[in-house]
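Structure record follows, encoded as structure tokens.
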Amino acid sequence: MEESRLCQWTVIRSVLAIIQWWGFNVTVIIMNKWIFQKLDFKYPLTVSCVHFISSSIGAYVVIKVLKLKPLIVVDPEDRWRRIFPMSFVFCINIVLGNVSLRYIPVSFMQTIKSFTPATTVILQWLVWKKNFDWRIWASLIPIVGGILLTSITELSFNMFGFCAALFGCIATSTKTILAESLLHGYKFDSINTVYYMAPFATMILAVPALLLEGSGVIEWLHTTPTLFSSLVIIFGSGVLAFCLNFSIFYVIHSTTAVTFNVAGNLKVAVAVTCSWLIFRNPISMMNAVGCSITLVGCTFYGYVRHLISTHQAPGTPRTPRTPRTPRSKMELLPLVGDREKLDDKV
């Protein structure tokens, strides 16, 4: 009886963890798109800075004040030699995600972000000369095919937004790959990742944001008719961006790797549906088919990778993890816009 109740509570806890993760992730994405489109605040660098600052403060409060998470101590030398380069790539990843949201619909942006598994495998094969099981390559076919179909049939296609989202995938993959070598010996969770990287990211992005968007932000402050409510939404998105990272930490520890992979792909479908209901961006039938093929492909890729990793002989090199299965030190969570895949985002 007790085992049955424990099993039921485990299932309930996993479902609640996934639901709250979906809620934070979809809300952050929708709020960011609302800021760019409805509030006419067309400054993605500034929005990213707000997210970084909010996340820096939130991580400090959680670790230092509330002590909800123990601090992973990093040597001062390693902060500049290891953490800073990771923060630079992390910053580029978040900025490109927000830039893409500025120019293309949420549905298209989220579909392109699903290309991350393919860019991760291709980068490791080309640059790091790593070999992969043929089943990994086969599982990438529907992902690539779905992305191509979605891009060709996208009714609101914008080349600049498309390139920003695509290079964002490359940045996410680079960050994940570099984490294996740069963060060797440190087992970061999402909160400690934010604690160390968000301040560096703020420092990196502050000057470019001020130089490129400062005058435009000042003009917007003087011309927007609903200043107070608009600022509440902008800073609220920053607070929710940090809450998203905290929710990611909770869902990782409440679900299995396979469940997390499937939930991550379903989350994209939820985000696409919610964004369409709110913004009513035109989606053709073939575009929806392409998005569906991509998501099915991502799920199949996660299943194949899990299958291979569980059947490998001891001592055999494991297939490198990507952001969809963040259960090791390689996991570095994005602060925004997810798919996660932890990617998910400030």
Side-chain angles (χ1 to χ4, degrees), residues 10 14 17-18 21 93 110-148 169-190 193 248-249 251-269 291-334 338-344:
T10 301
S14 298
I18 291 172
W21 175 43
N93 175 37
Q110 288 286 287
T111 304
I112 297 174
K113 293 268 306 171
S114 300
F115 193 57
T116 301
T119 57
T120 302
V121 171
I122 293 172
L123 276 177
Q124 294 201 21
W125 177 64
L126 288 176
V127 180
W128 280 268
K129 308 301 181 182
K130 291 191 176 182
N131 296 319
F132 295 89
D133 190 286
W134 68 269
R135 290 170 291 181
I136 290 291
W137 291 107
S139 67
L140 297 180
I141 295 176
I143 299 178
V144 176
I147 293 291
L148 289 176
C169 290
I170 297 175
T172 300
S173 299
T174 303
K175 174 176 61 66
T176 303
I177 296 169
L178 289 178
E180 183 177 9
S181 57
L182 290 179
L183 299 182
H184 178 71
Y186 294 105
K187 294 185 178 181
F188 282 107
D189 53 62
S190 58
T193 297
I248 289 171
F249 166 77
V251 76
I252 288 173
H253 289 270
S254 301
T255 60
T256 64
V258 175
T259 302
F260 184 84
N261 175 62
V262 174
N265 290 296
L266 290 177
K267 172 176 62 65
V268 176
C291 180
S292 301
I293 292 175
T294 302
L295 296 183
V296 171
C298 288
T299 304
F300 180 59
Y301 166 81
Y303 171 75
V304 168
R305 189 184 55 202
H306 176 75
L307 192 65
I308 293 175
S309 65
T310 55
H311 287 81
Q312 278 179 327
T316 305
R318 297 173 67 86
T319 300
R321 296 181 183 270
T322 72
R324 275 194 188 275
T325 51
R327 288 189 171 272
S328 77
K329 61 178 178 295
M330 295 175 60
E331 152 86 43
L332 282 178
L333 307 177
D338 204 190
R339 310 186 334 104
E340 73 108 328
K341 331 213 177 224
L342 286 152
D343 9 205
D344 294 325

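Contact record, Leu140 with Ala118: CD2-CA, 3.8 Å, taken as the closest heavy-atom pair. When all heavy atoms of Thr294 and Ile143 are compared, the pair lying nearest together is OG1-O, 3.9 Å. Taking both residues in full, the closest heavy atoms of Pro142 and Gly297 are given as CG-CA, 3.7 Å, listed atom of the first, atom of the second, then distance. The two residues Trp125 and Trp137 make their nearest non-hydrogen contact at CG-CZ2, 3.8 Å. The two residues Cys169 and Phe115 have their closest heavy-atom pair at SG-CB, 4.1 Å.
Applying the ring-ring contact (aromatic ring centres under 6.0 Å, His included) test to Trp128 and every residue at least two apart in sequence or in another chain returns nothing.
Within the 4.5 Å cutoff, no side-chain heavy atoms of Thr111 are placed close to those of Val268.
Interatomic distance, CD of Gln124 versus OG1 of Thr174, reported as 10.0 Å (0.5 Å rounding). Expressed to the nearest 0.5 Å, how far CD1 of Ile170 lies from CG of Asn93 amounts to 11.5 Å. Here the OG1 atom belonging to Thr193 is positioned 8.5 Å from the NZ atom belonging to Lys175, to the nearest 0.5 angstrom. Taking CD1 from Ile112 and OG from Ser114, the interatomic distance works out to 9.5 Å, rounded to the nearest 0.5 Å. Distance CD1/Ile136 to OG/Ser139: 5.0 Å, rounded to 0.5 Å. With values rounded to the nearest 0.5 angstrom, Lys113 atom NZ is found 9.5 Å from Thr119 atom OG1.
A donor-acceptor distance shorter than 3.5 angstrom exists from the side chain of Ser173 to the backbone of Thr116, with no hydrogens or angles considered.
The salt bridge (Lys or Arg N to Asp or Glu O under 4.0 Å) contacts involving residues 135-147 comprise Asp133-Arg135, where partners must be two or more places apart or lie in separate chains.
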